[in-house]
Amino acid sequence: MSNYHIKHLEEYFQVYRKSVRNPEAFWEEIAEEHFVWRKRWNKVLKWDFSKPEIKWFNGAQLNITENCLDRHLHIRGDKTAILFEPNDPKEEAQHITYRQLHQRVCKMANVLKDEGVKKGDRVCIYLPMIPELAVSVLACARIGAIHSVVFAGFSSTALATRINDCDASMVITSDGSFRGNKTIDLKGIVDEALNHCQGIKTVLVVKRTGGKVDMKKGRDHWLQPLLDKAYADYTAEIMEAEDPLFILYTSGSTGKPKGMMHTTAGYMVYTAYTFKNVFQYREDDVYWCTADIGWITGHSYIVYGPLANGATTVMFEGVPSYPDFGRFWEVVEKHKVTQFYTAPTAIRALAKENLDFVTKHDLSSLKVLGTVGEPINEEAWHWYNDHVGEKKCPIVDTWWQTETGGILISPIPFSTPTKPTYATLPLPGVQPALMDENGNEITGNQVDGRLCIKFPWPAIARTIWGDHKRYKDTYFSAFKNMYFTGDGALRDEVGYYRITGRVDDVIIVSGHNLGTAPIEDAINEHPAVAESAIVGFPHDIKGNALYGYIILKETGESRDRENLKKEINQVITEHIGPIAKLDKIQFVPGLPKTRSGKIMRRILRKIASKDTSNLGDTSTLLNPEVVQEIMDGAL
Ligand code: WTA
């Protein structure tokens, strides 16, 4: 029996039991048989959730890019590693082979070195979905620099915060990006951000749109001429198992974004293993994940997981609606995609359009469909199953987080029977627990509670960059000796998990995590705003949309409300990005607060969702009368 590739349900249960009985032996066998190491580990796992400290494969040495590139060269050097599908369907797709990718990464590694980037330095990557993004990520890993990819839809303020938080010394960007029929001036956004960043010495600029840019002398360089001169080989830096690989920011319920830090060996082993199993990947498959590499899904399941398996991974620059709503299906047909992985929000948006956009394409190459990022509702699940998968492709509803590095709960296609809206069973090595509010584990089935994980898996984030205390407080303090996910879940009669959503103040809009605090902070920057509270409410396509309750200052009272709404969304766009714009804004005389001054978001959530029949106990409020006033003005 191979632990590495599960093929039926009985095998899953056997492997799972083994992985729980002796996790060290389980992961050791996988690490030994499926990866190349420069030096073997001394100890498979050392952990203590109370500190918290987690070390996998300690003492081992490796370079993840040797596992993603070099070792494939003699067996599949001419196989396509990255299949780049441009925004404009008239522009030709690029098939980048493993050999070519290796060369491009080596050249880029040499450029980074020549520009003074050293092992351990932080490099911020702010690029659209073009091959240079994957190449830059891998080049950082090759020289041991820590990449921090910032999604290229974030604003200059958000970018500056992330650059400063990890003290990056370089930014890699492009002149601009194409998204549907729009072009976005990325270099201009970087320039604006860098007015607030002292530490950036170099900016490398990829030419993509040909738009006009300002190049600051001494700081900014076009990338291509540097690559043209660079040597096409680079001996990979030898990294320790626990050396940082990357930082990726995610929103918290309070405060600034959290720079989740992932390390090398455990992350590699886990993403490769889960990729292989969750997508039942086989050598000739063409795998496509539609996420952006700016999110964890892209890191783990566009770049590292697929490449560690020698897969062909599609990188798509565009959007699902351009040039029309059939684009995804056109690409599936064109490249004969076998596994397709996307977000529920995209499915809901496409399900609203004419079915012809789907049916006119030949989707018979598809074998497995996946979703990630938020709960998938039953209707969307069925549409995906019936029309895209034509009822023959299992849907893997994969639950995981930026913090977890890889998928934790998901069906294994062709093994685990799927059930709409259920992420089903934990993957091998993953030990979930449901906890009640008093900190006790809820055992048995047909129960619900707060979702925790009892035992470390190799890809768990090791810390929050520069703030280990916050890491401990956020994830390891709510429940003793458990990693707390922040999600609620239920376990059905057969032990399947269904994730019900966040139990904290994080709101997931179109699959993107948005903390309430940073949005409220942004709104409060508007001179007419005294105070604000943001909650989520159900939305047909986005899953959740944002509802803002805003108290105006006296000076704002006389202003035109519609203009104010526009200005407030403008402030949010500037501070965070357009993804955080409010769908509804209600100006209110006050906010319901507890006697200790905490906003009672529960009540605001109910009003926003038009579910006011049972508001619960409002007697502990400092100002119960405001609730009626808010209800009267609700949108
Ligand atoms: C939510 C994305 C339900 C969840 C990989 C989690 C999901 C947060 C699912 C992490 C799913 C992700 N079903 N909810 N299949 N997948 N979530 O960090 O609330 O961007 O905590 O990582 O998304 O979002 P993140």
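Numbers for residues simply follow the sequence, beginning at 1. Note that ligands are numbered from 1 as they come in the structure, with each ligand's atoms numbered from 1 the same way.
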Among all protein non-hydrogen atoms, which one is nearest to [atom], and what is the separation to 0.1 Å?
| atom | answer |
| --- | --- |
| atom 19 (O) of ligand 1 | Asp487 OD1, 2.7 Å |
| atom 8 (C) of ligand 1 | Ile508 CD1, 3.6 Å |
| atom 10 (C) of ligand 1 | Trp400 O, 3.6 Å |
| atom 18 (O) of ligand 1 | Thr402 OG1, 2.6 Å |
| atom 11 (C) of ligand 1 | Glu374 O, 3.5 Å |
| atom 1 (C) of ligand 1 | Gly373 O, 3.3 Å |

(request) Begin from the C-alpha positions of Tyr475 and Thr485 and carry the test side-chain hydrogen bond (donor to acceptor under 3.5 Å, both in side chains) through to its verdict. (result) CA-CA 7 Å; Tyr475 305 107; Thr485 65; over 6 Å; no
What part of [X], side chain, backbone, both or neither, has a heavy atom within less than 4.0 angstrom of ligand 1?
| X | value |
| --- | --- |
| Ile296 | side chain |
| Thr297 | side chain |
| Arg502 | side chain |

(message) What I want to find out is whether Lys419 reaches Asp397 closely enough, with some N-O distance under 4.0 Å, to be called a salt bridge.
(response)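 Salt bridge flag = no for Asp397 with Lys419.
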Taking only heavy atoms of [X] into account, list the atoms of ligand 1 that are under 4.0 Å away from them.
| X | answer |
| --- | --- |
| Asp397 | 11 (C), 13 (N), 15 (N) |
| Thr398 | 9 (C), 11 (C), 15 (N), 16 (N) |
| Ile499 | 3 (C), 14 (N) |
| Val372 | 5 (C) |

(message) Which label fits Trp27 and Trp56: parallel for a plane angle under 30°, tilted from 30 to 60°, or perpendicular past 60°?
(response) perpendicular
(request) Kindly assign one of parallel, tilted or perpendicular to the pair His539 and Phe537, based on the angle between their ring planes and the thresholds 30° and 60°. (result) perpendicular
Under 6.0 Å between ring centres: does that hold for [X] and [Y]?
| X | Y | value |
| --- | --- | --- |
| Tyr304 | Tyr267 | yes |
| Tyr483 | Phe49 | no |
| Tyr287 | Phe275 | yes |

(message) Whether the Glu378 and Thr421 side chains hold a donor-acceptor pair (N or O, under 3.5 Å, no angle test) is what I'd like checked.
(response)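 The answer is no; no qualifying pair exists.
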(message) Between Thr290 and Thr342, do the side chains contain a donor N or O and an acceptor N or O under 3.5 Å apart?
(response)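 Thr290 and Thr342 do have a side-chain donor-acceptor pair below 3.5 Å.
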(request) Give a yes or no answer on whether the side chain of Ser177 reaches the backbone of Pro128 with a donor-acceptor pair at less than 3.5 Å. (result)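 Side chain of Ser177 to backbone of Pro128: no pair is present.
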(message) Quick test of your reading of the structure: of Pro375, Gly370, Gly543, Gly511, whose heavy atom lies closest to atom 3 (C) of ligand 1?
(response)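 Result: the heavy atom closest to atom 3 (C) of ligand 1 is in Pro375.
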(message) So for ligand 1, is Asn513 a polar contact partner (N or O within less than 3.5 Å, distance only)?
(response) yes
